[in-house]
Amino acid sequence: MKRTHNCGDLRIGNAGDKVTIMGWIQRRRDLGGLIFVDVRDRSGLVQVVFNPDEVTTDLFTKAEKIRSEYVVAIEGTVQKRLQSNPNLATGEIEITVDSLRILDEAKTPPIYIQDDLNVNEDLRLKYRYLDLRRPIMQKNLILRHQVTMLVRQYLDRQGFLEIETPMLTRSTPEGARDYLVASRVNPGKFFALPQSPQLFKQILMAAGMEKYFQIVRCFRDEDLRADRQPEFTQIDIEMSFVTQEDVLQMMEEMIIEVFKGVGLNVEYPFPRMTYADAMRDYGSDKPDIRFGMKLVDVSEQVKNVGFKVFASTVQKGGQVKGIRAEGCAEFSRKEIDQLTQYVSIYGAKGLAWIALKEDEIKSPIAKFFTEEELGAIIDALEGKSGDLLLFVADSPKVVAASLGALRLNLGKQLGLVKEQEYKFLWVTEFPLVEYDEEMGRFVSLHHPFTHPLEEDINLLDTDPGEVRAQAYDLVLNGVELGGGSIRIHNSELQKKVFQMLSLTEEEINDKFGFLLEAFQYGTPPHGGIAYGLDRMIMLMAGGDTIRDVIAFPKTASATDLMTNAPSPVASDQLEELHVKVVERA
RNA sequence: GGAGUCGUAGUGUAGCGGUUAACAUGUCGGCCUGUCACGCCGAAGAUCGCGGGUUCGAUUCCCGUCGACUCCGCCA
């Protein structure tokens with residue numbers, strides 16, 4: 001028996017055709033004297049009918065034994081149905097059976113194979129092979145395949161080479177925690193799984209490959225989120241002899257082509273926003289620009305008011321910002337309490353509010369302001385009757401985090417974000433470094449090879465925190481889709497940046513010596529970008545978690561419920577690796 | 001590391017200080033020749049996550065623990 005057709009491809013035009021299909025039993029409808037079964041394969045469903053007037057008794061008896069998820073091969077003839085089913089692509093036809101072969105029987109599955117599945121995710125992960133039989137999951141993985149194909153086609157056309165880099169590599173300082181692999185041959189030494197192929201792709205530029213890409217797994221041993229897995233996939237790209245503008249142009253073209261290629265409508269050219277503007281207006285370096293509700297700084301207006309919380313915050317170098325929730329003046333006390341609760345997660349000590357009701361202004365803080373002062377604040381936020389104004393007074397960091405999050409929360413709650421709308425944004429001019437209180441030194445925002453903006457290079461010695469970088473992120477609907485930079489290719493400048501990061505000569509040589517040495521032999525100016533493929537597919541699929549676009553993802557506690565990884569290993573395995581497990585009290 | 005939500009037949013839920021632990025669906029059996037989430041009748045199916053405490057009595061209240069999820073920290 002040889003498969004001739006996919007179930008979901010059969011149409012009325014196939015009527016009369018002799019076909020052989022193979023697939024899983026989706027459902028059996030046994031009417032006693034007549035049996036229907038739906039057969040499913042990757043392409044879809046088709047109805048098969050066992051009619052005793054047309055099939056032998058043996059065959060009919062066999063059909064009675066069929067159960068859900070049995071794997072079958074069916075040879076038969078396509079015929080027009082008596083009544084068609086408009087809900088099914090193949091709904092106009094059915095197959096009458098000449099022969100049935102049960103290729104494999106199946107236990108009753110613990111989860112249903114259907115799209116509108118309401119089941120705990122741990123079961124789905126344990127029985128991932130069943131979960132992946134669901135059409136929606138197959139669709140997600142097909143989409144993923146299509147996207148990687150489109151990316152490869154685009155980059156190939158532009159002259160890029162797909163080059164593999166090592167999975168067993170060396171631990172790098174800063175950045176995320178590494179996954180380590182013990183070396184059997186080299187006692188006491190460890191490989192690290194790559195957090196990204198960053199150094200290798202730059203070396204490939206030094207090596208004259210000019211245009212490199214890779215669709216590559218990366219590993220970071222940090223806590224998980226709905227959009228963060230310990231292993232994830234990057235579309236990693238690097239090119240030589242380019243400026244930031246060259247990179248942005250080409251990458252924008254690629255993204256548009258890929259999104260269009262899978263049938264998604266994209267608005268372009270992508271708008272651009274500096275990091276400073278993004279933080280100022282949205283409290284985020286990855287603003288969701290599908291709606292407004294920008295943060296408004298009222299520090300000027302409140303620096304001398306009688307309301308101590310506001311005035312003293314500003315006087316101590318903090319700031320007061322507000323957002324305008326349109327038409328929310330009638331929020332109940334309970335609703336506002338919930339918002340207060342929400343911003344507290346981000347460190348805000350309180351949430352001040354002014355409700356502009358039709359006939360009155362309601363606010364627990366209004367009494368601390370003169371009418372003029374109150375008017376100035378309301379004007380600053382362009383408050384209108386019916387609005388609710390919400391304020392946080394704190395350090396710029398806390399204000400940005402809490403109000404930025406509150407904005408997103410309200411935007412969602414008020415239905416301001418349209419699903420299936422794709423709004424890209426380039427965020428540019430990131431700071432090169434930021435001061436880390438804990439470490440007592442500056443640390444790279446992107447990575448230590450990021451090139452400063454030319455006009456800011458003179459600030460490297462005097463005011464490192466103010467130096468902007470030739471670094472950029474691509475943001476889609478408030479999600480960081482990718483980021484990159486133009487790299488330093490001059491050893492003098494690189495040394496200077498390392499010094500600014502307070503890295504000692506020894507550390508530099510130990511960690512990056514090979515890169516710096518490579519750069520001494522003639523390195524082209526170069527730069528690139530890396531996209532988070534999982535997030536891209538998640539957004540394309542309209543999902544909430546990258547787990548649904550990864551075939552075998554891990555749980556929030558970084559385990560695999562199907563294989564039960566990680567697991568203990570035999571003591572002789574550890575011994576061979578010169579590793580000893582220490583019980584911690 | 002921290003905060004929160006959840007955990008009850010295979011699955012999804014309900015429930016309550018004392019119940020025969022309920023409903024739906026699935027499963028199994030019977031009936032059924034045009035169904036398509038087929039229908040009808042019947043049956044089986046529960047260590048109420050685990051451990052401890054309070055109580056005459058705990059699935060229910062409390063504490064701990066384990067697991068799943070969400071978020072903060074973390075993620076150059």
Side-chain angles (χ1 to χ4, degrees), chain A residues 26-38 45-55 60 64 67-69 81-88 90-91 94 96 107-127 130 171-178 195-196 198-199 218-230 232 341-348 398 401-402 405 408-409 430 432-434 436 438-439 442-450 469 471 480 483 485 497 501 503 511-512 530 532 544-545 547 554-557 559 561:
Chain A
Q26 178 68 26
R27 192 166 258 119
R28 181 180 62 118
R29 290 178 294 279
D30 186 344
L31 276 60
L34 189 65
I35 297 172
F36 297 98
V37 297
D38 295 334
L45 287 180
V46 68
Q47 172 165 289
V48 172
V49 57
F50 295 84
N51 189 328
D53 302 340
E54 294 163 7
V55 305
F60 196 81
E64 284 178 323
R67 293 294 181 271
S68 287
E69 299 308 308
R81 288 205 199 183
L82 298 180
Q83 300 118 283
S84 63
N85 179 352
N87 300 319
L88 218 55
T90 60
E94 63 190 1
T96 54
K107 285 168 64 174
T108 302
I111 63 174
Y112 308 134
I113 314 302
Q114 61 189 33
D115 281 350
D116 52 341
L117 185 68
N118 184 15
V119 64
N120 286 325
E121 196 170 350
D122 45 347
L123 262 187
R124 291 177 50 202
L125 292 172
K126 181 171 180 196
Y127 298 99
L130 299 179
S171 180
T172 48
E174 311 196 49
R177 261 188 294 270
D178 286 318
Q195 294 180 25
S196 83
Q198 183 61 38
L199 300 183
C218 303
F219 305 86
R220 294 178 190 176
D221 187 4
E222 297 292 347
D223 287 346
L224 291 84
R225 288 284 193 283
D227 64 349
R228 268 165 39 189
Q229 284 271 308
F232 62 99
Q341 179 73 29
Y342 184 71
V343 293
S344 74
I345 297 170
Y346 300 89
V398 169
S402 55
L408 291 177
N409 190 343
F430 276 78
L432 186 69
V433 294
E434 66 179 348
D436 187 312
E438 226 170 279
M439 303 224 260
F442 286 98
V443 295
S444 296
L445 209 72
H446 189 52
H447 59 59
F449 318 107
T450 306
E480 182 194 329
S485 63
V497 170
L501 296 170
L503 294 176
K511 309 292 188 186
F512 309 116
D544 301 313
T545 164
R547 290 191 299 276
K554 293 188 173 49
T555 66
S557 46
T559 63
L561 294 180

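Within every chain, numbering begins at 1; the chains are lettered A, B, ... in the order of the sequence lines, protein sequences first and strands thereafter. What you see is a predicted model; the values in this text were computed from it and never measured.
When the P atom is compared between A24(B) and A44(B), the two are found 16 Å apart, to the nearest whole Å. For A21(B) and G10(B), the P atoms lie 16 Å apart once the distance is rounded to whole Å. G45(B) and U5(B): their P atoms are spaced 36 Å apart (whole Å). For the C1' atom pair drawn from G34(B) and C28(B), the interatomic distance equals 25 Å after rounding to whole Å. Between U20(B) and G15(B), the distance separating the two C1' atoms is 15 Å to the nearest Å. Here the separation of A3(B) from C38(B), taken at their C1' atoms, is 49 Å to the nearest Å. The separation of C50(B) from A68(B), taken at their C1' atoms, amounts to 15 Å, rounded to a whole angstrom. With C1' as the reference atom, A14(B) and C48(B) are 12 Å apart, rounded to whole Å.
Nucleotide U70(B) holds its P atom 9 Å from the CD atom of Gln229(A), rounded to whole Å. To the nearest angstrom, P of C74(B) lies 18 Å from CG of Asp178(A). Between the OH atom of Tyr342(A) and the P atom of A3(B) there is a distance of 19 Å, given to the nearest Å. The nearest whole Å value for the distance from the CG atom in Asn87(A) to the C1' atom in U35(B) is 13 Å. Between the P atom of C32(B) and the CD1 atom of Ile35(A) lies a distance of 13 Å, rounded to the nearest Å. The distance between atom CD of Glu64(A) and atom C1' of C32(B), rounded to the nearest whole Å, is 12 Å. In this structure, the CG atom of Asp30(A) is 11 Å from the P atom of G29(B), given to the nearest Å. What separates CG of Leu45(A) from C1' of U35(B) is a distance of 14 Å, to the nearest Å.
Within the 4.0 angstrom heavy-atom criterion, base atoms lie near Asp53(A). Within 4.0 Å of Glu94(A), counting heavy atoms only, lies at least one base atom of the nucleic acid. No contact: Gln195(A) has no heavy atom under 4.0 Å from any strand. At the heavy-atom level, Ala226(A) lies under 4.0 Å from the strands shown only through sugar-phosphate atoms. Counting non-hydrogen atoms under 4.0 angstrom, Arg547(A) reaches the backbone sugars and phosphates but no base.
The side chain of Arg27(A) sits closest to C38(B) out of C38(B), G1(B), G34(B). Counting only heavy atoms from C-beta on, Phe36(A) has its side chain closest to G34(B) among G29(B), U70(B), G34(B). Across A68(B), U70(B), U33(B), the shortest atom-to-atom separation from the side chain of Leu561(A) is found for A68(B).
Below the 3.5 angstrom threshold, one finds no donor paired with an acceptor across the side chain of Gln83(A) and the base of U35(B). Residue Arg220(A) places no side-chain atom within donor-acceptor reach of the base of C75(B), judged by atom type and a 3.5 Å distance cut-off alone. Taking only distance into account, the side chain of Arg28(A) never meets the base of C38(B) through a donor-acceptor pair shorter than 3.5 Å. Between the side chain of Glu222(A) and the base of G73(B) there is no donor-acceptor pair of N/O atoms closer than 3.5 Å.
The pair Asp38(A)-Arg29(A) meets the salt-bridge criterion, with a side-chain N (NZ, NE, NH1 or NH2) lying under 4.0 Å from an Asp/Glu carboxylate O.
Side-chain contact between Arg547(A) and Leu224(A) is absent, with no heavy atoms from C-beta onward closer than 4.5 Å. Looking only at side-chain heavy atoms (C-beta outward), Tyr112(A) and Val119(A) stay at 4.5 Å or farther from each other. Counting only heavy atoms from C-beta outward, the side chains of Ile35(A) and Glu64(A) approach each other to under 4.5 Å. Contact check for Leu503(A) versus Phe512(A): side-chain heavy atoms found under the 4.5 Å cut-off. Put simply, the side chain of Arg124(A) reaches to within 4.5 Å of the side chain of Leu117(A), judged on heavy atoms.
Taking a pair to require two hydrogen-bonding distances under 3.5 Å in either a Watson-Crick or a G-U wobble arrangement, C50(B) pairs with G64(B). Summarising the base pairing, G57(B) is matched to no nucleotide, lacking a Watson-Crick or G-U wobble pair whose two defining distances lie under 3.5 Å. Using N1 to N3 plus N6-O4 or O6-N4 for Watson-Crick, or N1-O2 and O6-N3 for G-U wobble, each under 3.5 Å, A43(B) pairs with U27(B). C69(B) and G4(B) make up a base pair, with Watson-Crick or G-U wobble contacts both under 3.5 Å. Pair assignment for U19(B): none, as no Watson-Crick or G-U wobble contacts are both less than 3.5 Å.
Of the inter-residue distances, the one linking Asp122(A) atom CG with Thr555(A) atom OG1 reads 9.5 Å to the nearest 0.5 angstrom. Note that CG of Asn120(A) is 11.0 Å distant from CD1 of Ile111(A), once rounded to the nearest 0.5 Å. One finds the CZ atom of Phe219(A) at 9.5 Å from the CZ atom of Phe232(A) (value rounded to the nearest 0.5 Å). Interatomic distance, CD of Gln47(A) versus CG of Leu88(A), reported as 8.0 Å (0.5 Å rounding).
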Show the distances under 3.5 angstrom between N or O atoms of the protein and N or O atoms of nucleotides 8-14 of chain B.
| unit_1 | atom_1 | unit_2 | atom_2 | d |
| --- | --- | --- | --- | --- |
| G10(B) | N2 | Tyr112(A) | OH | 2.2 |
| G12(B) | OP1 | Asn120(A) | N | 2.9 |
| G12(B) | OP1 | Asn120(A) | ND2 | 3.2 |
| G12(B) | O2' | Asn118(A) | ND2 | 2.9 |

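The two residues Ala226(A) and Thr545(A) have their closest heavy-atom pair at O-OG1, 3.1 Å.
Comparing Ser444(A) and Gly33(A) along RNA chain B, the residue whose closest nucleotide (by nearest heavy atom) sits nearer the 5' end is Gly33(A). The nearest heavy atom of RNA chain B to Thr555(A) and to Ile345(A) marks one nucleotide each, and the one closer to the 5' end goes with Thr555(A).
One finds a side-chain N or O of Ser557(A) lying less than 4.0 angstrom from the OP1 or OP2 phosphate oxygen of A68(B). Using a 4.0 Å cut-off, some side-chain N or O of Thr559(A) falls inside it from OP1 or OP2 of A68(B). Residue Arg225(A) places at least one side-chain N or O closer than 4.0 Å to OP1 or OP2 of C72(B). The phosphate of U35(B) (OP1 or OP2) has no side-chain N or O of Arg29(A) nearer than 4.0 angstrom.
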